[in-house]
Amino acid sequence: MGKYRFVVSEDCIGCKACIEIAGGNFALNEAGKAYVKKQPEDSEEEGLCREALDVCPVGAISANEGALQAEVKPILAKSNIKETLDAYPELKPLLVKLSARFKRLQNPVAYNTLARFATFEDASRITGVSICEILHTINKHLGVEKKLLKSMPDCIETIRSKEECKGVDVYWQEKADRYIYNEETMTDLVQRVSRLGPHESIVVISVEEPIELLKVAAGLGYDFNIERGKEFRVSIYNPHEAVEESWKDRKSDFELLDMRDSKSPPFDIIMEKAQKVGDGSGFAVIQAFEPVPLINMLSQMGFESLTEKKGSGEVVVYFYKKPQEEREAASTAGKPDVVIQSATPVAFPVVMRLLDRGKIEKTMNIKELKIWVETERHLGWIVSGKADISFSSLLTSARLKDRDVKIPAIFVWDNFVLLTRYEAKRLEDVRGREIHIPLFEQAPPAKITKYLIEASGLEADDFEFVFGEPFGRPEKIFADFVAGRADTVLLREPEASYALKVMKDLGRDVWEIPFNEIWNEVNEGFGSFPNACLVLKGEFVRKNPEIVRNFLGELKGAIEWINENKKEAARLSFEAMGQPVDRVELFCNRVNFRYVEGEELIAKVKSYFGILSEHGIIDGSMDERFFDMFRLWKE
């Protein structure tokens, strides 16, 4: 029997790479996604499964290194649901397939209350699914169905006290409100019961016995009274005295975000969660190691944190959002609140290094940090003035010439490449092929591609361009390329590096045509062409000149550090980028990070936009007022 349990997450794109490698262990379900049909039973199968894990293009396969297969015990009728699912979270979707009622477990409130006190025998009563079907389904997935069969009939032994919950006579003051218990209101009522304050009560009316509520009430040590007639009348009372409670005492109730197998950038998911969580509440993050930059970031946003190392490859960080008055009191006087955003994941290593250093937080309160998946949406934050600091595409700046912004530096160069699954060394080699391109037809990637085609003496009409609906997303184009659904794609970094690494791991040939090389063939001696820049809100610059100078110094230092420490930069940012460290390391080695400011910046921008304007890639000419955006302070 193999040592590790393998799991496929919902991030699977159905590329079949795992099935090609370990077809005896992986298969596709009706939805076209892979699943583990059989856990590895020996070292050979385990080796194949681990190889499948390594080549999965979206990191959807994981191995539980904390639990040896030999130690997995069968799940029994008396097993606690929450304890079981905490240990084997991949069982949740299997249970949902058995009964839609198990979807309640996807609600954090129900999971941390009802599941905390219920057994699988209780689940059988509530859902109507036989206990044998439940047990055989989940134990088969864990690879211990034989152990379950050997335990018959003990496996269906219950720990019920044959307990028809009799309750006690009402000795408390009941409120006048009455709540109706049914399928739709169950989750809300479980939450209400779990949050009853000292000496508070609630009365519930139900056609069926409200097993869930009674389980929660009994588990919390509450008293309750049941009147049985044509319907059930249940009165529940919290007899406990008020106790001053630290948020750490209730951290187990926090919603868990397991970021170890996330396809989307975890940092963005976590920041979105941090924005939505209410005062006095919290959430928990599971990662492979302590995410120091994230902790520093959320500390600036008024969160307290607690880190617990559970075992190899598992660190849980609990985040608690302090009430507004506490956050305001803790805010350092004189430090401005700042909103930072990035339109592209190419800036992740830079952002992570800035946060890891912890220097910029000494001069500003980072109110929010947003890294967009929908690249186009960041422009609204610049135009509206919501963002103080933005990492953006330089071509976006053409739309900002009438706005109160400054662009003091470019930091990413030469960012696009054509990738093919067939031999292609020049643009003419992809003629007649469908080229999958990011964004939409009038966006810069498509316009520059057409310009390079025509500047190379070819006809753009001889090439077919494919865009997504409503936009071509780089992450979708990357997934289609490695899965074989597209054979010619235009990709930016970091997705280009991800695709190259995955194809290499799969043993597939891939050809690369860098746009920088074509650009310099048609614009001889131009050198690197600019891609990403820093955009500052004009008001922020005028009010905080010293803070701006400090930030620019830290940005320049971060880029220099990344260029000198590519392996360390990859390890610092791979969790946030949601990709294996070897893919991010390839990206760090390929991306052209270079900090350029001042007159060198203006000269390059004038040359670049002159070419773009001449060939109609941007509308109109750029005057001196436009180029003033690139001068931080006028002399």
Side-chain angles (χ1 to χ4, degrees), residues 77-85 92 95-135 137 156-242 253:
K78 61 185 178 183
S79 298
N80 178 271
I81 294 177
K82 187 174 187 300
E83 291 176 359
T84 300
L85 297 184
K92 284 185 182 180
L95 292 171
V96 171
K97 288 182 180 179
L98 290 177
S99 170
R101 287 194 170 190
F102 280 114
K103 287 184 178 179
R104 299 168 179 173
L105 299 176
Q106 297 172 348
N107 182 290
V109 174
Y111 183 69
N112 288 305
T113 51
L114 176 59
R116 177 179 165 194
F117 304 116
T119 64
F120 284 99
E121 191 269 340
D122 295 319
S124 175
R125 292 174 60 203
I126 293 169
T127 62
V129 180
S130 79
I131 186 61
C132 290
E133 184 176 0
I134 293 174
L135 296 183
T137 298
I156 57 173
E157 177 188 352
T158 72
I159 55 173
R160 295 173 61 193
S161 34
K162 307 305 178 191
E163 61 196 303
E164 293 284 318
C165 300
K166 297 180 179 179
V168 299
D169 293 335
V170 175
Y171 63 87
W172 51 89
Q173 184 67 40
E174 294 182 334
K175 292 184 177 181
D177 296 335
R178 298 293 183 267
Y179 295 88
I180 303 300
Y181 175 91
N182 55 38
E183 185 72 21
E184 287 72 30
T185 63
M186 185 278 295
T187 300
D188 176 66
L189 290 177
V190 166
Q191 184 173 5
R192 286 179 181 272
V193 168
S194 66
R195 293 182 176 178
L196 283 178
H199 303 293
E200 288 185 345
S201 66
I202 186 173
V203 177
V204 176
I205 307 298
S206 176
V207 174
E208 299 178 347
E209 184 178 16
I211 301 171
E212 296 95 334
L213 290 188
L214 296 176
K215 273 288 177 182
V216 172
L220 293 171
Y222 293 173
D223 291 331
F224 52 86
N225 172 269
I226 307 174
E227 294 181 6
R228 295 177 173 84
K230 291 183 178 180
E231 56 189 14
F232 290 83
R233 180 189 185 276
V234 179
S235 180
I236 301 174
Y237 173 67
N238 177 3
H240 304 306
E241 300 295 331
D253 294 335

Rounded distance (nearest 0.5 Å) linking atom CG of D169 with atom CG of D223:
11.0 Å
Counting only heavy atoms not in E183 (residues, nucleotides, ligands), do more than 12 fall under 6.0 Å from its CD?
yes
Between S124 and S130, which heavy-atom pair has the shortest distance, and what is it?
OG-C, 3.7 Å
If you round to the nearest 0.5 Å, how far is CD of E231 from CD1 of I180?
7.0 Å
Close side-chain approach of F224 and S235, heavy atoms under 4.5 Å:
no
Output yes when a side-chain donor or acceptor of N238 lies under 3.5 Å from a complementary backbone atom of H199, and no otherwise.
no
Which atom pair, heavy atoms only, marks the closest approach of G197 to E200?
N-OE1, 2.7 Å
Worked check of side chain to side chain contact (heavy atoms under 4.5 Å, CB included) between V234 and Y181
CA-CA 10 Å; V234 179; Y181 175 91; over 6 Å; no
Output for pair (K92 NZ, I81 CD1), nearest 0.5 Å, gives 11.5 Å
Parallel, tilted or perpendicular for Y171 and Y237, by the 30°/60° rule?
perpendicular
To the nearest 0.5 Å, atom CE of M186 lies from atom CD1 of I211 at 11.5 Å
Just how far is it from atom OG of S206 to atom CG of N182, taken to the nearest 0.5 Å?
8.0 Å
Checking R178 side chain against A176 main chain: does a donor-acceptor pair fall under 3.5 Å?
yes
If the condition is salt bridge (charged side-chain N to carboxylate O under 4.0 Å, His left out), which residues does R116 pass it with, not counting sequence neighbours?
none
How long is the gap from CG on L220 to NE2 on H240, to the nearest 0.5 Å?
7.0 Å
I134 side chain reached by F102 side chain, heavy atoms, under 4.5 Å:
yes
Please answer whether the main-chain N or O of I236 pairs with a side-chain N or O of S201 as donor and acceptor at a distance below 3.5 Å.
no
Without hydrogens or angle criteria, can the side chains of Y179 and D188 be said to hold a donor-acceptor pair below 3.5 Å?
no
Check step by step if side chain to side chain contact (heavy atoms under 4.5 Å, CB included) holds for V190 and L213.
CA-CA 6 Å; V190 166; L213 290 188; 3.9 Å; yes
Are V203 and K175 side-chain neighbours, meaning at least one heavy-atom pair lies under 4.5 Å?
no
Whether the side chain of T137 engages the backbone of L95 through a donor-acceptor N/O pair (distance < 3.5 Å, no angle test) should be reported.
no
For a 4.5 angstrom cut-off between non-hydrogen side-chain atoms, does E209 reach R228?
yes
Nearest atoms (heavy-atom pairs only) where T119 meets K78:
CG2-O, 3.6 Å
